[in-house]
Student: 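Take a look at this one; I'll ask things after.
Predicted model, so just to flag it, every value in this text is computed and none were measured.
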Amino acid sequence: MSFDSTPVELSRIFAHLSGMILNEKDATSAASKLAWAAHQTVPSATGAGFSLLDEDGKRLSSASTDPTVEAIDALQYELGQGPCLSAWATGEPQRVDDTATETRWPDWIGAVSSMGIGSILSSPMIYRGRHVGALKVYAAEPHAFGETEVHLLGLLADAAATLLGTAQSIDTPVRLSKALTDALTTRDTIGLAAGVLMAQEHLNRDVARTRLLERARTSNRRVIDVASEILTDWEKQGESP
């Protein structure tokens, strides 16, 4: 997508997105639509994700375009650090030009680099002054995102925040409360599974987390599913981490 064609392309994406989200009953499905839109908006991206956050920075709903993005995003919320959380907290876009040389978010960035991600861009979603979430795109190559991509993703994030705000209904707090419970359960499950790997394979926590992400990527499954399987096997063996 050339910068000159941006208004036309974004208008098409916004129209399609609006039709889906404004009729969407399921917050998780809406999140998937937004991840898809982010990937479409930034052609240099090889993957994309979306997170809706509460006022404490906890995920209410999230989605990603592929298992690798899902895995590294799950680790971001487990560790409490990363560009998505920073974009949400500061209200400013966060760009990583090269994960191999990035010094921010040290616990998270090392795992991301080992998963074959070279560059990252995350844009905050702000609705009527409230920081409600973030859109993020990833690429295998370093330096995949420049000012044009920052502008494109920012436009989509602004539009998505408005669409979500417009689409909210009276039962939204109920749906989001359930989503928050699910998100917290996911984080705890992943942390426990990492603890099991630490005990079973004599690993430190960072290596255990990376091992968990690698299992999810190579088996093309969600990291929460791999973590649950590890805990189920551990319970059957009657061991404790």
Side-chain angles (χ1 to χ4, degrees), residues 1-3 6 35 38-51 53 57 59 62-126 131 133-157 187 190-191 194 197-198 201 203-218 220 222-223 226:
M1 181 191 303
S2 68
F3 191 75
T6 294
H39 197 185
Q40 293 292 309
T41 301
V42 182
S44 55
T46 54
F50 159 84
S51 291
L53 307 173
R59 281 188 301 179
S62 64
S64 56
T65 56
D66 60 79
T68 297
V69 175
E70 193 274 337
I72 61 179
D73 209 32
L75 181 60
Q76 180 171 197
Y77 293 99
E78 181 193 348
L79 296 174
Q81 61 174 245
C84 181
L85 285 172
S86 292
W88 166 82
T90 64
E92 297 292 336
Q94 303 293 314
R95 189 175 77 193
V96 176
D97 292 325
D98 189 345
T99 58
T101 58
E102 178 60 60
T103 58
R104 293 171 292 176
W105 321 295
D107 292 337
W108 182 77
I109 203 70
V112 170
S113 182
S114 71
M115 295 288 285
I117 300 297
S119 48
I120 305 162
L121 174 62
S122 185
S123 185
M125 294 171 52
I126 302 173
H131 296 199
L135 283 171
K136 50 275 184 116
V137 289
Y138 301 85
E141 297 298 323
H143 304 284
F145 309 121
E147 291 303 317
T148 296
E149 287 74 24
V150 172
H151 180 69
L152 288 172
L153 193 63
L155 288 175
L156 179 61
R187 185 181 65 182
I190 292 171
L197 291 179
M198 289 172 64
E201 302 181 23
L203 307 173
N204 63 40
R205 181 163 293 276
D206 289 341
V207 174
R209 289 182 181 127
T210 300
R211 188 71 55 82
L212 186 60
L213 298 182
E214 288 174 346
R215 287 191 185 184
R217 179 174 60 86
T218 56
N220 197 34
R222 298 185 306 158
V223 66
V226 174

Student: Return yes if some donor-acceptor pair links the side-chain N/O of Gln94 with the main-chain N/O of Leu121 below 3.5 Å, else return no.
Tutor: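 Judged by distance alone, no pair lies under 3.5 Å.
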Student: Angle between ring planes, Trp108 versus Tyr138, binned at 30° and 60°: parallel, tilted or perpendicular?
Tutor: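 Tilted, since the angle between the ring planes falls between 30° and 60°.
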Student: Just by modelled atom types, is the Arg104 backbone N or O under 3.5 Å from a matching donor or acceptor in the Glu102 side chain?
Tutor: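 Here the side-chain-to-backbone pair exists.
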Student: Taking Ser119 for its side chain and Glu141 for its backbone only, find out whether a donor-acceptor pair lies under 3.5 Å.
Tutor: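 Indeed, once roles are kept as given, a pair shorter than 3.5 Å links the two residues.
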Student: Nearest 0.5 Å, what's the CD1-OG1 distance between Ile109 and Thr101?
Tutor: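 With rounding to 0.5 Å, CD1 (Ile109) is 9.0 Å from OG1 (Thr101).
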Student: Atom OH of Tyr77 and atom CG of Leu85: how far apart are they, to the nearest 0.5 Å?
Tutor: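 Separation between the atoms: 5.0 Å.
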Student: Hey, could you give me the NE2/CG distance between His151 and Leu156, rounded to the nearest 0.5 Å?
Tutor: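 Reported value, rounded in 0.5 Å steps: 11.5 Å.
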Student: Got a salt bridge between Glu149 and Lys136, using NZ or NE/NH1/NH2 to carboxylate O under 4.0 Å?
Tutor: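 Salt bridge absent between Glu149 and Lys136.
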Student: Rounded at 0.5 Å granularity, tell me how far CG in Leu135 sits from NE2 in His39.
Tutor: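 Here the interatomic distance stands at 13.0 Å.
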Student: Can you tell me if His131 uses its side chain to pair, donor with acceptor, with the backbone of Thr90 under 3.5 Å?
Tutor: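 Looks like no, no N/O pair under 3.5 Å.
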Student: Short question: side chain of Thr41, backbone of Leu152 - any donor-acceptor pair under 3.5 Å?
Tutor: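 Side chain of Thr41 to backbone of Leu152, a donor-acceptor pair under 3.5 Å: no, none is there.
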Student: Walk me through whether Asn204 and Met198 qualify under side-chain contact (heavy atoms from CB on, under 4.5 Å).
Tutor: CA-CA 6 Å; Asn204 63 40; Met198 289 172 64; 5.7 Å; no
Student: Quick one, Pro83 and Gln76 - any side-chain contact, counting heavy atoms below 4.5 Å?
Tutor: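 In short, these two side chains touch, coming nearer than 4.5 Å.
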Student: I'd like to know if the side chain of Thr99 and the backbone of Ile117 have a donor-acceptor N/O pair within less than 3.5 Å.
Tutor: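 Judged by distance alone, yes, a pair lies under 3.5 Å.
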Student: Got Val42 and Phe145 here, is their nearest side-chain heavy-atom distance under 4.5 Å?
Tutor: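 Val42 vs Phe145: side chains touch.
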Student: Rounded to the nearest 0.5 Å, what's the gap from CD on Glu70 to CG on Leu75? Could you check?
Tutor: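 That separation rounds to 11.0 Å.
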Student: Has the side chain of Ser114 got a donor or acceptor atom that lies under 3.5 Å from a matching backbone atom of Ala111?
Tutor: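 Yes; judged by distance alone, with no hydrogens or angles, the pair exists.
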Student: Arg95: what forms a salt bridge (Lys or Arg N to Asp or Glu O under 4.0 Å) with it, not counting sequence neighbours?
Tutor: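 Partners of Arg95 by the salt bridge (Lys or Arg N to Asp or Glu O under 4.0 Å) criterion, ordered by chain and then number, come out as Asp97, Glu147.
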Student: Checking the side chain of Ser44 only, and the main-chain atoms of Ala144 only, is there a donor and an acceptor separated by less than 3.5 Å?
Tutor: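 At least one qualifying donor-acceptor pair exists.
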Student: Under the side-chain contact (heavy atoms from CB on, under 4.5 Å) criterion, do Ser123 and Val150 qualify, and how do the steps go?
Tutor: CA-CA 8 Å; Ser123 185; Val150 172; over 6 Å; no
Student: Under a 4.5 Å cut-off applied to non-hydrogen side-chain atoms, are Pro124 and Trp88 in contact?
Tutor: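 Answer no - side chains too far apart.
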Student: Given Ser122, which partner from the list Cys84, Ser86, Pro93 fulfils the side chain to side chain contact (heavy atoms under 4.5 Å, CB included) test?
Tutor: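 With Ser122 as partner, Cys84, Ser86, Pro93 yield a single side chain to side chain contact (heavy atoms under 4.5 Å, CB included), made by Cys84.
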